[in-house]
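For the numbers below, each heavy atom of this structure counts, side chains included, while hydrogens, waters and symmetry mates do not.
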Amino acid sequence: MKLNQVSWDDLRVFLAVARSGSLSKAAVSLCIDHATVGRRISALEFALETPVFERDKRGYRLNAQGREMLVHVESIEASILTLGESLSGTDTGSSGYVRVATMEGIATLYLAAQFAEFKRRYPEITIELVTSAADIRVSQREADIFLGFFEPRGENIQMEQIGQFPLHLYASDGYLAEYGEPPGVAALREHRFVGYVPDLVRLDAVRWLDEVIADPAIVFHSTSMLSQMFAAGAGAGIVMLPDFARAERFGLRQILPAEVEVRRSIWLSSHRFLRRVPRIRRVAAFLTEVISRDYPVVPAAQFLKR
């Protein structure tokens, strides 16, 4: 094994291919050409005297040696990033970009405003807020931090439950004037609803309306929580929304608040090595602070008493 022939640039290429599974995708992310990536991988395997990838028609996949190597190289990556920030000379001791991925609703209706305060605290750190209806894999560096409504899975992931938000039913005054306000849960059978497109739901966690009423009469479907909210605001039907949406500002009001409440946990996940990087650590700490403050976890026994 000729480790003296292996450079950090070689390891960066290894990481890019390991995460993307493709020479061409790795080349794009590294801003180099496809052929150079291939040569670097071949040279790396020659120096290591062992293959670290399996090649097939789907691309490049790590073999057993590659998976073991990945753990060590990601630790090196985190150390280099941490060193770079410690030498940056900024007042906060950290700078650069942090990509946070989560669902559209919480990103738009809650997090965007919170990050204004974060920017005041850490002006040298720039947030990239990415929205997706599916799980973003922090283990493959698709994002630095992922906030989800479910417990994430993956290798080398550090995860924690940082909050828990309630959801309630909302309707517009126009809708209630036309159809009346339901006096109880049983009366919901006579009402119209706004909800998700059933066969396009990619996260079971958002099937919250099903926990309140079986087979609701949904008259408007959308994959977007925002579209559902504005449709309900226009009088289309009753909608279930998380409290962080602050739906009252859009002309909706809560109905049956004492009788209907569903809860979902908020999980924060990041790569266990990269959490050491100061800018990522600061963003994770900030998110934990504001979410646990605004939407603390309610013990199960206390929630069941309601």
Side-chain angles (χ1 to χ4, degrees), residues 101-112 131-136 147-152 163-267 291 294-295 297-298 300 302-306:
T102 189
M103 276 65 75
E104 172 204 37
I106 192 169
T108 303
L109 300 171
Y110 176 70
L111 289 178
T131 62
S132 173
D135 183 16
I136 297 291
L147 284 178
F149 302 161
F150 54 91
E151 186 173 359
Q164 189 181 73
F165 61 89
L167 298 104
H168 293 97
L169 295 175
Y170 292 85
S172 69
D173 289 335
Y175 173 86
L176 296 175
E178 183 175 357
Y179 293 96
E181 186 162 351
V185 175
L188 292 174
R189 302 293 313 168
E190 309 302 320
H191 282 266
R192 301 156 37 135
F193 290 85
V194 171
Y196 285 95
V197 182
D199 60 326
L200 294 181
V201 171
R202 302 179 67 180
L203 297 174
D204 286 338
V206 302
R207 298 183 188 273
W208 34 59
L209 186 58
D210 294 344
E211 296 182 25
V212 177
I213 179 172
D215 299 319
I218 298 181
V219 298
F220 177 82
H221 298 80
S222 176
T223 57
S224 164
M225 178 193 295
L226 297 178
S227 296
Q228 293 176 38
M229 181 172 65
F230 288 116
I238 298 172
V239 66
M240 174 158 273
L241 294 169
D243 278 18
F244 62 68
R246 294 171 54 207
E248 292 82 0
R249 56 184 164 162
F250 301 109
L252 291 165
R253 64 183 176 93
Q254 228 177 86
I255 60 174
L256 301 175
E259 299 176 64
V260 176
E261 180 177 302
V262 174
R263 301 188 74 83
R264 289 290 185 270
S265 296
I266 304 177
W267 291 85
I291 291 175
D294 295 342
Y295 302 103
V297 176
V298 176
Q302 181 178 337
F303 175 61
L304 292 174
K305 289 179 181 179
R306 296 185 176 188

Are [X] and [Y] side-chain neighbours, meaning at least one heavy-atom pair lies under 4.5 Å?
X	Y	result
F150	L203	yes
Y196	R207	no
L109	M225	yes

Please report, to 0.1 Å, the donor-acceptor pairs under 3.5 Å made by any side chain of residues 208-217, with sequence neighbours excluded.
{"unit_1": "E211", "atom_1": "OE2", "unit_2": "R264", "atom_2": "NH1", "d": "3.1"}
{"unit_1": "E211", "atom_1": "OE2", "unit_2": "R264", "atom_2": "NH2", "d": "2.6"}

Give me the atom names and distance for the closest heavy-atom approach of [X] to [Y].
X	Y	value
Y179	H191	O-CE1, 3.6 Å
P183	E259	O-OE2, 3.8 Å
G235	S172	CA-OG, 3.5 Å
T131	A107	CG2-CB, 3.5 Å
F149	M103	N-CE, 3.6 Å
I291	G163	CG2-CA, 3.9 Å

Name the atoms and distances for all side-chain donor-acceptor pairs under 3.5 Å in residues 236-245, with sequence neighbours left out.
{"unit_1": "D243", "atom_1": "OD1", "unit_2": "H168", "atom_2": "ND1", "d": "2.9"}
{"unit_1": "D243", "atom_1": "OD1", "unit_2": "Y170", "atom_2": "OH", "d": "3.4"}

| Pairwise distance CG(L169) to CZ(F193) - rounded to 0.5 angstrom | 6.0 Å
| query | Is the centre of the Y110 ring less than 6.0 Å from the centre of the F165 ring? | reply | no
| Which pairs, with at least one residue in residues 174-184 and sequence neighbours excluded, count as a salt bridge (charged side-chain N to carboxylate O under 4.0 Å, His left out)? | E181-R253
| message | Please determine whether the number of non-hydrogen atoms from other residues, nucleotides or ligands lying under 6.0 Å from atom CD of E190 exceeds 12. | response | no
